[in-house]
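Values below: all heavy atoms of this structure, side chains included; hydrogens, waters and symmetry mates excluded. Residue numbers start from 1 in every chain, and the chains themselves are labelled A, B, ... in the order their sequence lines are given, proteins ahead of strands.
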2 protein chains.
Amino acid sequence: MKNAVFKALSDPTRRKILDLLKERDLTAGNISSHFNMTRPSISQHLKILKHAELVHDMKKGQFVVYSLNTTVFQEFISWAMHFIGKKPSGNMSSP
Amino acid sequence: MKNAVFKALSDPTRRKILDLLKERDLTAGNISSHFNMTRPSISQHLKILKHAELVHDMKKGQFVVYSLNTTVFQEFISWAMHFIGKKPSGNMSSP
DNA sequence: TCGTTATTTAGCTATTTAACTAAATAATAA
DNA sequence: TTATTATTTAGTTAAATAGCTAAATAACGA
């Protein structure tokens, strides 16, 4: 697990952004509107989430649509499972 | 999930401490010896991990023995599983 | 008791972080 | 082309963080 992922998740605003993206893909501006914070600030947070590969971005005309990248979450769960002595398999059938 | 947990996990030294405690319980001094860092610095890290309830500590004479607290890791895994649309159950039998 | 060992607390400093404003870039619409 | 909208980049600042040294606390052994 990259340090960038843990750093990205350590901020409440960024975790709330991930919560929003869990429901549906959103443009940068749309994400901003959910916060009492300037657009440049949110843009910075999105940059950090992108660098950690927790989100994807796609240019759609003059908009940038952000979406969740679940791949890193998978790795993340595997990492955490080591600590409770669990196999991080997707289809667990044995303890 | 408490912010303190994410903050605690965002530092590489603290994650390495958790890695060490995953193998066996250790005293504060023993933990320190694994790092190229002063004992007070490690003590501070342990305090942060304790506050996040990621570790337990127990006084044993003049030593303090630290051990992993897996409870928070469980919650942590549940949190992460929301993002990949998985039920955080312990005994998964269905996808 | 006195000295040693284990650990933490207090106080200091350099670095990182998260916010802001102003300006730049890019695409659309008139 | 010019104005407007969407988003990012640059530069600044206050607060948080992680490291250090020195000192305090606590338990042990001679």
Counting only side-chain nitrogens and oxygens, does [X] get under 4.0 Å of the OP1 or OP2 atom of [N]?
X	N	result
A:His45	C:dA19	yes
B:Tyr66	C:dT8	yes
B:Arg39	C:dT5	no
A:Lys47	D:dT9	yes
B:Ser43	C:dT7	no

Exercise. Do other residues, nucleotides or ligands put more than 12 heavy atoms under 6.0 Å from B:Arg39 CZ?
Worked result: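 Not buried by this count: 12 neighbours or fewer within 6.0 Å.
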
Exercise. Counting only heavy atoms not in B:Lys2, do more than 12 fall under 6.0 Å of its NZ?
Worked result: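 12 or below, so no.
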
For this session: Classify the nucleic acid contact of A:Ser32 as base, sugar-phosphate or nothing, counting any heavy atom under 4.0 Å across all strands shown.
Result: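 No contact at all - A:Ser32 keeps every heavy atom at 4.0 Å or more from the nucleic acid.
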
For this session: Specify the residue among A:Asp57 and A:Lys7 whose closest nucleotide of DNA chain D lies further upstream toward the 5′ end.
Result: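 First, find each residue's nearest nucleotide; the 5'-ward one identifies A:Asp57.
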
For this session: Tell me which of A:Lys60 and A:Met37 sits closer to the 5' end of DNA chain C, going by the nucleotide each one is nearest to.
Result: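 In this pair, the answer is A:Met37.
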
For this session: Let me know, please, whether A:Ser41 or A:Gln62 comes out on the 5' side of the other along DNA chain C by nearest nucleotide.
Result: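 Looking at DNA chain C, the more 5' nearest nucleotide goes with A:Ser41.
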
Exercise. How far apart are the closest heavy atoms of B:Val5 and B:Ala52, and which atoms are they?
Worked result: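 Looking at all heavy atoms of both residues, the closest pair is CG2-O, 3.7 Å.
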
For this session: Output the single nucleotide from D:dA18, D:dA6, C:dT7 whose closest atom is nearest the side chain of A:Phe63.
Result: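 Of all the options, the side chain of A:Phe63 is nearest to D:dA6.
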
Exercise. Separation of B:Asn3 atom CG from D:dA16 atom C1', in whole Å?
Worked result: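 So the CG-C1' distance, B:Asn3 to D:dA16, works out to 12 Å.
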
Problem set entry | Under 3.5 Å: donor-acceptor pair, side chain of B:Thr27, backbone of B:Asn30 |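 Looks like yes, one N/O pair under 3.5 Å.
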
